[in-house]
Amino acid sequence: MSAPRWVIHLPTTLTSLEQAVDLAVALRDSLGHVTVIDFGETTLSEEDTQYLHTRVWCDARGGGPGRCRGRDEHDGPCVTVTE
């Protein structure tokens with residue numbers, strides 16, 4: 001049995017989904033080198049409905065070790081990068 005994984009809840013003062021997505025993208029771009037953060041599993045929720053999660057990225061596994069970096073439910077093929 002593996003050890004439990006922990007989730008960090010990071011409240012913001014942002015007031016729109018698009019602003020929250022932009023922040024998530026900026027955090028992924030600036031902290032992507034930190035291997036203990038699984039940005040592919042990033043979800044967002046409104047403060048008063050934290051049980052409803054909005055997925056940020058597609059995160060589909062590519063043919064190799066990479067994951068799709070496109071937005072969730074994106075049009076066209078996945079854009080895969082190596083981890």
Side-chain angles (χ1 to χ4, degrees):
M1 188 165 136
S2 62
R5 292 173 34 162
W6 289 88
V7 175
I8 297 172
H9 301 276
L10 184 66
T12 71
T13 59
L14 302 172
T15 58
S16 76
L17 177 60
E18 203 54 43
Q19 289 174 325
V21 168
D22 289 347
L23 177 58
V25 170
L27 290 171
R28 180 190 66 185
D29 291 349
S30 65
L31 296 174
H33 65 283
V34 180
T35 58
V36 297
I37 302 173
D38 186 0
F39 284 102
E41 294 295 325
T42 301
T43 60
L44 304 170
S45 61
E46 290 184 22
E47 183 177 30
D48 293 333
T49 54
Q50 293 184 32
Y51 55 90
L52 297 175
H53 294 251
T54 300
R55 190 168 198 58
V56 177
W57 292 291
C58 167
D59 196 40
R61 292 278 183 186
R67 292 180 177 208
C68 179
R69 288 176 60 102
R71 290 283 306 272
D72 191 43
E73 299 180 10
H74 63 84
D75 291 330
C78 288
V79 178
T80 305
V81 296
T82 57
E83 293 179 327

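A quick note: this is a predicted structure, and the numbers were derived from the prediction, not measured.
- Residue pairs meeting the side chain to side chain donor-acceptor pair (under 3.5 Å) criterion with at least one partner in residues 22-33, sequence neighbours excluded, are Asp29-Arg69.
- Between His9 and Pro11, the shortest heavy-atom distance links the atoms O-CD, 3.4 Å.
- Applying the side chain to side chain donor-acceptor pair (under 3.5 Å) rule to Asp38 yields the partners Arg5, Arg67; only residues at least two apart in sequence or on another chain are considered.
- The other residues sharing a hydrophobic cluster with Leu52 are Tyr51, where clustering joins ILVMFWY side chains under 4.5 Å apart.
- What you find for Gly40 and Arg55 is that their closest heavy atoms are O-NH2, 3.8 Å.
- By the neighbour-count criterion of 12 heavy atoms within 6.0 Å, atom CD of Gln19 is densely surrounded, having more than that number from other residues, nucleotides or ligands.
- Taking SG of Cys58 as the reference point, atom CD of Glu73 lies at 9.5 Å (rounded to 0.5 Å).
- Under a hydrophobic clustering in which Ile, Leu, Val, Met, Phe, Trp and Tyr are joined whenever their side-chain heavy atoms come within less than 4.5 Å, directly or via other members, Leu27 and Val36 fall into the same cluster.
- Atoms CG and CG, on Leu10 and Leu23 in that order, are 7.0 Å from each other to the nearest 0.5 Å.
- Annotation: side chain of Val34 is not in contact with side chain of Phe39 (no heavy-atom distance under 4.5 Å).
- Residues Val7 and Ile37 do not share a hydrophobic cluster, defined by chaining ILVMFWY side chains whose heavy atoms lie under 4.5 Å apart.
- Evaluated for a side chain to side chain contact (heavy atoms under 4.5 Å, CB included) with Val56, the options Leu17, Thr43, Thr42 yield exactly one hit, Thr42.
- In this structure, Glu47 CD and Thr13 OG1 are separated by 10.5 Å, a value rounded to the nearest 0.5 Å.
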